[in-house]
Amino acid sequence: VEKETQRKSALAIDYITKEILPLDKRLKLRGLGLILGIDMTELGGDSASLAVMKDCFEKGLIAERAGRDNAVFKIMPALTIEDDKLLYGLGIVKDCIKNYLANKEVK
């Protein structure tokens, strides 16, 4: 179980590092194992993470926020999650952050 959790953690961290963090240099990865977070403090903090969380929820992904001022978008999947579902959920997060960034630039 521990090795499988480590493998899934590496999969999630790899995806976040290669696909999500490059969206904006102000995004930071936090966490350990499969308890991960995308720190949005420098991107607007509470309002940024709230907007992304709401967008994720509208797309069927339940998410939470954590950290100081709720500025961290929390990613905490079940340890038994299948790889394809993990990547699908992370894809939703990526799309929602992209939407937030695009809408912020328009304003």
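With contacts defined as side-chain heavy-atom distances shorter than 4.5 Å, the pair F73/C96 does not qualify. The closest side-chain heavy-atom distance from K28 to E42 is below 4.5 Å. Using a 4.5 Å heavy-atom cutoff, the side chains of L36 and R30 are not in contact.
Cluster membership check: L27 shares its hydrophobic cluster with V93, using side-chain heavy-atom separations under 4.5 Å among Ile, Leu, Val, Met, Phe, Trp and Tyr. Clustering ILVMFWY residues whenever any of their side-chain heavy atoms sit less than 4.5 angstrom apart, transitively, puts I92 in the very cluster that holds M40. The cluster map of Ile, Leu, Val, Met, Phe, Trp and Tyr, joined by side-chain heavy atoms under 4.5 Å apart, puts L34 and M76 in different clusters. No single ILVMFWY cluster, assembled from side-chain heavy atoms under 4.5 Å apart, contains both F57 and L61.
Contacts of E64 classified as side chain to side chain donor-acceptor pair (under 3.5 Å), with partners at least two apart in sequence or in another chain: K74. Under the rule for a side chain to side chain donor-acceptor pair (under 3.5 Å), the partners of R26 that lie at least two apart in sequence or sit in another chain are D24. Every residue two or more places apart in sequence or in another chain that forms a side chain to side chain donor-acceptor pair (under 3.5 Å) with K59 is listed here: D55. Applying the side chain to side chain donor-acceptor pair (under 3.5 Å) test to T41 and every residue at least two apart in sequence or in another chain returns D39. Residues satisfying the salt bridge (charged side-chain N to carboxylate O under 4.0 Å, His left out) criterion with K85, sequence neighbours excluded, are E82.
Counting heavy-atom neighbours within 6.0 Å of L87 CG, excluding the residue itself, gives a total above 12. Taking a 6.0 Å sphere around CG of D83, one finds it holds more than 12 heavy atoms contributed by other residues, nucleotides or ligands. For E4, the CD atom counts as densely surrounded, since its 6.0 Å shell holds more than 12 non-hydrogen atoms of other residues, nucleotides or ligands.
Expressed to the nearest 0.5 Å, how far NZ of K3 lies from NZ of K8 amounts to 15.5 Å. The NZ atom of K104 sits 12.5 Å away from atom CD1 of I97, with the distance rounded to the nearest 0.5 Å. From K98, atom NZ reaches atom CG of N103 across 13.0 Å, with rounding to the nearest 0.5 Å. To the nearest 0.5 Å, atoms CD1 (I38) and CG (L43) are separated by 10.5 Å.
Nearest heavy-atom pair across R65 and S49 is CD-OG, 3.1 Å. When all heavy atoms of P77 and I81 are compared, the closest pair comes out as CB-CD1, 3.9 Å.
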Under 3.5 Å donor-acceptor pairs involving side-chain atoms of residues 9-21, not counting sequence neighbours:
unit_1: S9; atom_1: OG; unit_2: G33; atom_2: O; d: 2.7
unit_1: D14; atom_1: OD1; unit_2: K18; atom_2: NZ; d: 3.0
unit_1: T17; atom_1: OG1; unit_2: I13; atom_2: O; d: 2.7
unit_1: E19; atom_1: OE1; unit_2: K94; atom_2: NZ; d: 2.6

